[in-house]
Each structure stands twice: as structure tokens, then as C-alpha cells.
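Nothing here was measured: the structure is a model prediction, and the numbers come from that model. These values consider heavy atoms only, across backbone and side chains, with no hydrogens, waters or symmetry-generated copies. Naming convention: chains lettered A, B, ... in sequence-line order (proteins, then strands); numbering from 1 in each chain.
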Protein chains: 2
Amino acid sequence: MVGRRGPMSSGWPGKFRGCGYRMTVPRQAIIEVLQKTKKHLSAEDIYMEVHKIFPQVGLTTVYRTLELLTDMGMIYKFDFREGRARYEMVEGLKKEHHHHLVCTKCKRVINYTEFIDEEIDFLKRAEKELSKKYNFEINDHIIQFYGLCDKCRVSK
Amino acid sequence: MVGRRGPMSSGWPGKFRGCGYRMTVPRQAIIEVLQKTKKHLSAEDIYMEVHKIFPQVGLTTVYRTLELLTDMGMIYKFDFREGRARYEMVEGLKKEHHHHLVCTKCKRVINYTEFIDEEIDFLKRAEKELSKKYNFEINDHIIQFYGLCDKCRVSK
DNA sequence: TCTCTTATTGAAAATGATTCCCATTATCAA
DNA sequence: TTGATAATGGGAATCATTTTCAATAAGAGA
Ligand SMILES: [Mn+2]
Ligand SMILES: [Mn+2]
Ligand SMILES: [Zn+2]
Ligand SMILES: [Zn+2]
């Protein structure tokens, strides 16, 4: 089975097994939901989507899987100050990489990709320097700008 | 009374009144606690500190005041993925400005100031461009690096 | 393909941070 | 000093997330 096609451990099942985990129906379904959208989904959003296809999958499993995927570095976990976390699939390492403008009033979130090249360059240097200086293994980063969106600016 | 000394609305009471709020004992106490520390305090941490001096101040008031100060831009609110928010006084606009390395395992947080000049320069340009393009009023930003601290790296 | 180990799951209960409610109190402009 | 009302605090309510634990299913090895 190994080497049948493509490099070893390619694809999600391989990624999981490579880490000693098993590929299961709920996990598969959760990953698919995350891959099919560009939105920032909450655990409950994902639960409801999965539920349409596999009604037996529980919310607990969704939470567990999201934690696992976050720790594996396959998804991002965000706090947009709504009181619940939101998740997003990690896209290609450079392609589609973006950060967020968060409206502190209506909680709207805007993806932006401007400055990303410059930003990546800056972050790369920072990561290198900081990981050396603090002996810290950096896996991930977030940049978020908080403020008021166009709609919330006008309404006071 | 106005103009007695210093510019109008200097000091905390002035800042509050200028926004139509009142200066109260609980607010004063909460601000003092935040100003006296370099740590990242949770609402409960602050509550306990305040409680030493003013035992009658309630946790609800601490939460309300923290939200107010955050909205006023006087303190930062952080999510270090512990399940509770932590707060920090906004220091002078450039002095002491720093960002964070967050250990995703033990939740330890390291303040760093390296690259801050470069970072501020970068952020200034980004804010200018983004606020124009998205008609977004940017008030604040966060940069956080997530990973494993030196202690958590060795223990697997 | 069958077996066995154990990783994973789901339902329900627990947890715990934050918010809501509302009668009471305190601030401060006039 | 006074009055309008902003602010408070205690307890209850919310609600996202975690824990518990018995049942189930993945998948390595036979
Ligand atoms: Mn996004
Ligand atoms: Mn800090
Ligand atoms: Zn908005
Ligand atoms: Zn650590």
C-alpha cells in the first residue's frame, strides 16, 4: 500500500498516521468542511455542517478534532473577540496567506493580503532572530488590526 | 478648575470625564493595579489585588471597567489561549511597546522588544494603506508568535 | 480476512469565564 | 446642597469549552 502513488504520507490519512493518529469519519468530515469554505467557522458552525452529512457526529468530537488540527498546525485558531474561537484551514505556505482587520464593534472580519510579501519577509527575519534569542520554537504567528469598519464608523 | 495646571483633561479623571464617564473608587483602584505591574493580569487577578485594598469592589465591576478601558484604548486585552483574557496597560506610545511569544503548551508569555522599531515602521505603513483601502479606522494591533518555549521543547 | 489493542467517539454532566439583572449607591454638574 | 443618572455589586444566568466514561471502530499484525 505504501508508495502505491505519490510520496509516502501524502494526504490527510498519511499525515494523521504519521503522527500516530487514526483517520476517522468525523475527522474526514470536519476537514472537508474547513476546506470547502473561505469563511471563519466556529466549532458550532462546523458541527452543524458536518451534522448535515453525518448526524451522529458529536460536538465534542468537533472540539477535539479542532484542537488536534490546531496542534498539528493544519488549521489556524483565531480569537476575534466574540467570545468564541474561529478556525481556518492553513492554505499553501505562501499562497493565500493573509491577516485580518477586526471590527471591535460589529465583529466583522476582513481578510487582507496587502503587504503580505513585505510582511512575510519581516516575519521571517523576526522569527529567526527571536527563536534564537529566546530559544523558542516558533510555529505560527498572528497579526490582527482592531478598529471600526466603514459601517460602524458612520453610526457614531 | 480647568487649566489650573497642565493641559486640559490630563490625568485619568479628566480622560474619563472627557468621554462622559465618571471617575470612581473602583476604577481608580483597577487602574492603579494595572499601572503597578508588568505582568499580564486576568480579570480575577485584578479583582484579587483590588480586593486587598477595597474589599467591597465586585468582580462584575472589574469586568465592566476592563471593557471600558479597552474600548477607550487605555489598556490592551490579550488572548494567550488559556481560556481567559489578560490585560496590560498601554505604555507610552513608543516606549515599552512590545509584542509576545506565547508557548502553546505551558502558556508562558515572553515580552520582546526586538524589531520593534522596524515593526512600528512596517505597521505604520500598513495601517495607513489598509485604513484607506478598506475605509477602516485602525485603533490597535497585535502581533503574536506561537510555539514552544525552551522548557517545553525539551520535554518532547 | 479475523483479532486484538487501544485510539476515538458521543451523550451528558461539569466547568468556568463572562454577562445580565436590578435594586441600591455614588458622582458631579448645576 | 441637590437631583439626574451613571455606576455598582451580588447573585443568577449564559454559554463556549472540557471532562467523564462506557461503547465503538481503526488498523497493525496474525
Ligand atoms: Mn481569514
Ligand atoms: Mn506584554
Ligand atoms: Zn463594524
Ligand atoms: Zn512552554
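Atom-to-atom distance recorded for Leu123(A):CG and Glu119(B):CD is 8.5 Å, nearest 0.5 angstrom.
With rounding to whole Å, Ile46(B) atom CD1 is found 14 Å from dT18(C) atom C1'. Rounded to whole angstrom, the span from the CG atom of Leu59(B) across to the P atom of dT8(D) amounts to 13 Å. Nucleotide dT19(C) holds its P atom 11 Å from the CG atom of Asp71(B), rounded to whole Å. What separates OH of Tyr47(B) from P of dT18(C) is a distance of 15 Å, to the nearest Å. To the nearest angstrom, C1' of dA7(D) lies 14 Å from CG of Leu69(B). Across the protein-nucleic acid pair, Arg27(B) atom CZ and dA7(D) atom C1' stand 6 Å apart, rounded to whole Å. Rounded to an integer number of Å, the gap from Gln28(B) CD to dA26(C) P is 16 Å. Atom C1' of nucleotide dT18(D) and atom CD of Glu67(A) are separated by 9 Å, given to the nearest angstrom.
Remark: side-chain polar atoms of Ser42(A) are not paired, donor with acceptor, to backbone N or O of Ala85(A) under 3.5 angstrom. A distance-only check finds a donor-acceptor pair linking the side chain of Arg27(B) to the backbone of Arg22(B) [under 3.5 Å].
The nearest heavy atom of DNA chain D to Phe16(B) and to Pro55(B) marks one nucleotide each, and the one closer to the 5' end goes with Phe16(B). Checking Gln56(A) against Glu44(B), the closest nucleotide of DNA chain C that is more toward the 5' end is the one next to Gln56(A).
Side-chain polar atoms of Tyr134(B) and Glu114(A) form a donor-acceptor pair below 3.5 angstrom. Under 3.5 Å, the side chains of Glu82(A) and His40(A) contain no donor-acceptor pair of N or O atoms.
Checked against Asp45(B) for a salt bridge (Lys or Arg N to Asp or Glu O under 4.0 Å), the options Lys39(B), Arg84(B), Arg86(B) give a single hit: Arg86(B). Under the ring pair (Phe, Tyr, Trp, His ring centres under 6.0 Å) rule, His100(B) has a single partner from Tyr76(B), Phe80(B), Tyr112(B), which is Phe80(B).
The side chain to side chain donor-acceptor pair (under 3.5 Å) pairs that include a residue from residues 50-61 of chain B are Glu49(B)-Lys52(B), Thr61(B)-Arg64(B), where partners are two or more places apart or lie in different chains.
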Summarise protein proximity over nucleotides 19-30 of chain D in one line of letters, 5' to 3': B for base, S for sugar-phosphate only, - for none, counting protein heavy atoms closer than 4.0 Å.
BB-----BSS--
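By the neighbour-count criterion of 12 heavy atoms within 6.0 Å, atom NZ of Lys107(A) is densely surrounded, having more than that number from other residues, nucleotides or ligands.
For the pair Tyr63(A) and dT17(D), the criterion of a side-chain N or O lying under 4.0 Å from OP1 or OP2 is met.
Sorted by residue number, the members of residues 81-88 of chain A with any non-hydrogen atom under 4.0 Å from DNA chain D read Gly83(A), Arg84(A), Ala85(A).
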